[in-house]
Protein chains: 2
Amino acid sequence: MSEDLEYDVFSSTCPSRPVLEDVTGRWGALALGALADGPLRFNELRRHVDGVSQKMLAQSLQALERDGLVVRDVQSTFPLKVEYSLTPTGAVLAGKLLDLIGYLTTSMPSIITAQQTYDEAHTD
Amino acid sequence: MSEDLEYDVFSSTCPSRPVLEDVTGRWGALALGALADGPLRFNELRRHVDGVSQKMLAQSLQALERDGLVVRDVQSTFPLKVEYSLTPTGAVLAGKLLDLIGYLTTSMPSIITAQQTYDEAHTD
DNA sequence: CCGGATCCCAACAGATACTG
DNA sequence: CAGTATCTGTTGGGATCCGG
């Protein structure tokens, strides 16, 4: 039952395409990764994801919240407090993202070398 | 030896940041995923990564080639033949990407439900 | 013909300033 | 503190053109 593998990110019309962009997008991936260690407030998240603007962070978090990967918890105290955390699905995706990021960072030395070689060969 | 964990994607100035964007970017991720099954020519790749424009595919592939994750092999026959394939590092990253994509697609039913619930609650 | 660079326009990202 | 509004610069994409 319910064994429909109808979702294919390689198809441009598949609903999974925009979700993949939310998850692997420029800021979405880093936001998910940052939340893997535990809940964070908006500005904590902003400090952790170095370089992100308020607008893009808010936008990325809204997208992830809509996809059911992140939960936004508002404490209506003063000062206002808003905590973001991962849902179970979000946590799994964040883990896979961190796995990828970890491999990428350990590969950086060889990647840097490749870039230098490439750039030297393309000094047109 | 050489156990410098100096690379951190969460820092905006780290050289790993642009590489992460090449790998997880909109078209880079799909290109890497498509190449995981074996080498492909430019237009085969273009057909596989449904919806990508020529320009963006060429651009994404150049970035991945510069990072040493993809190899561009030119056969100067007629008609011209250009094959793209993964390097060992690229293959590992592609595998992790496909793992993430696989989990995401199997999670799609619950994600769709979440989106509908969210959209209903936000009918301002 | 195939691979890809260019041009031009539309959409999106970012800095700043302002509101609940 | 946690965002929205606005205004502007950068980036993405389709049509078109060029080299092998």
Side-chain angles (χ1 to χ4, degrees), chain A residues 10-13 17-31 34-35 39-66 70-85 118 121-124, chain B residues 9 11-13 17-31 34-35 39-66 70-85 118 121-124:
Chain A
F10 291 101
S11 165
S12 61
T13 56
R17 191 62 92 74
V19 178
L20 181 67
E21 282 165 24
D22 295 338
V23 172
T24 63
R26 190 169 190 183
W27 303 117
L30 294 174
L35 289 173
L40 290 173
R41 300 179 59 174
F42 187 82
N43 280 330
E44 291 175 327
L45 209 36
R46 200 178 165 214
R47 236 170 293 120
H48 205 303
V49 181
D50 188 37
V52 70
S53 67
Q54 294 173 175
K55 182 180 151 186
M56 292 318 297
L57 182 56
Q59 197 170 297
S60 303
L61 287 170
Q62 278 174 23
L64 294 172
E65 190 197 358
R66 191 177 99 95
V70 160
V71 176
R72 181 171 176 273
D73 189 38
V74 187
Q75 236 98 332
S76 293
T77 61
F78 187 83
L80 198 58
K81 184 176 176 180
V82 181
E83 271 205 344
Y84 292 90
S85 55
Y118 184 95
H122 291 238
T123 314
D124 301 340
Chain B
V9 288
S11 165
S12 63
T13 56
R17 189 64 91 72
V19 178
L20 180 66
E21 283 165 24
D22 294 340
V23 172
T24 62
R26 190 167 190 183
W27 303 117
L30 294 174
L35 288 173
L40 290 173
R41 300 179 58 175
F42 187 81
N43 279 330
E44 292 175 326
L45 208 39
R46 201 178 162 211
R47 237 170 292 119
H48 206 302
V49 181
D50 188 36
V52 69
S53 69
Q54 294 176 140
K55 184 176 139 186
M56 290 318 297
L57 182 56
Q59 196 169 297
S60 303
L61 287 170
Q62 278 175 24
L64 293 172
E65 189 197 1
R66 189 177 102 94
V70 160
V71 176
R72 181 171 174 275
D73 188 39
V74 186
Q75 236 98 333
S76 293
T77 59
F78 186 84
L80 198 58
K81 184 177 176 180
V82 181
E83 270 204 344
Y84 292 91
S85 55
Y118 184 95
H122 290 240
T123 316
D124 301 339

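Just so it is clear: chains get the letters A, B, ... in the order the sequence lines come, proteins before strands, and each one is counted from 1.
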Listed nucleotide nearest any side-chain atom of B:Trp27, set D:dG13, C:dG14, D:dA2:
D:dG13
B:Met56 CE to C:dC12 P: how many Å, rounded?
14 Å
As a test of reading the structure: which of D:dG12, C:dG14, D:dG13 is closest to the side chain of A:Lys55, going by heavy atoms?
C:dG14
Here the distance between atom P of C:dA5 and atom CG of B:Leu61, to the nearest Å, is 11 Å
Measure the distance from CG on B:Asp73 to C1' on C:dG3 and round it to the nearest whole Å.
14 Å
Rounded off to whole Å, could you give me the CD-to-P distance for the B:Glu21 and D:dT11 pair?
11 Å
Quick one: on DNA chain D, does A:Arg41 or B:Gln59 contact a more 5' nucleotide (nearest heavy atom)?
A:Arg41
Quick one: are B:Val49 and B:Trp27 in side-chain contact, heavy atoms under 4.5 Å?
yes
Any base atoms under 4.0 Å from A:Arg46, or only sugar-phosphate, or nothing? Heavy atoms, all strands.
nothing
I want to verify a distance call: between C:dA13, D:dG14, C:dG3, whose nearest atom is closest to the A:Arg26 side chain?
C:dA13
Looking at D:dT4, D:dG13, C:dG4, which one has an atom nearest to any side-chain atom of A:Ala58?
D:dT4
Would you sort out whether B:Arg41 and B:Glu83 count as a salt bridge (Lys or Arg N to Asp or Glu O under 4.0 Å), showing the intermediate values?
CA-CA 4 Å; B:Arg41 300 179 58 175; B:Glu83 270 204 344; over 6 Å; no
Less than 4.5 Å apart, any side-chain heavy atom of A:Arg17 and any of B:Asp50?
yes
What is the distance from CG of B:Leu40 to C1' of C:dC2, rounded to the nearest Å?
16 Å
Whichever of A:Leu80 and A:Gln54 has the more 5' nearest nucleotide on DNA chain C, that residue is A:Gln54
Pairwise distance CZ(B:Arg72) to CG(B:Leu64) - rounded to 0.5 angstrom
13.5 Å
Nucleotide of D:dG3, C:dC2, C:dG4 approaching A:Arg72 most closely (side-chain heavy atoms)
D:dG3
note: B:Tyr84, atom OH; C:dC2, atom P; distance rounded to Å ~ 15 Å
Rounding to a whole Å, what distance do you find between A:Glu44:CD and D:dC1:P?
11 Å
Are the side chains of A:Leu61 and A:Tyr84 in touch, meaning some heavy atoms are under 4.5 Å apart?
yes
Any base atoms under 4.0 Å from A:Gln62, or only sugar-phosphate, or nothing? Heavy atoms, all strands.
sugar-phosphate
When the distance from CG of B:Asn43 to P of C:dG4 is rounded to whole Å, what number comes out?
9 Å
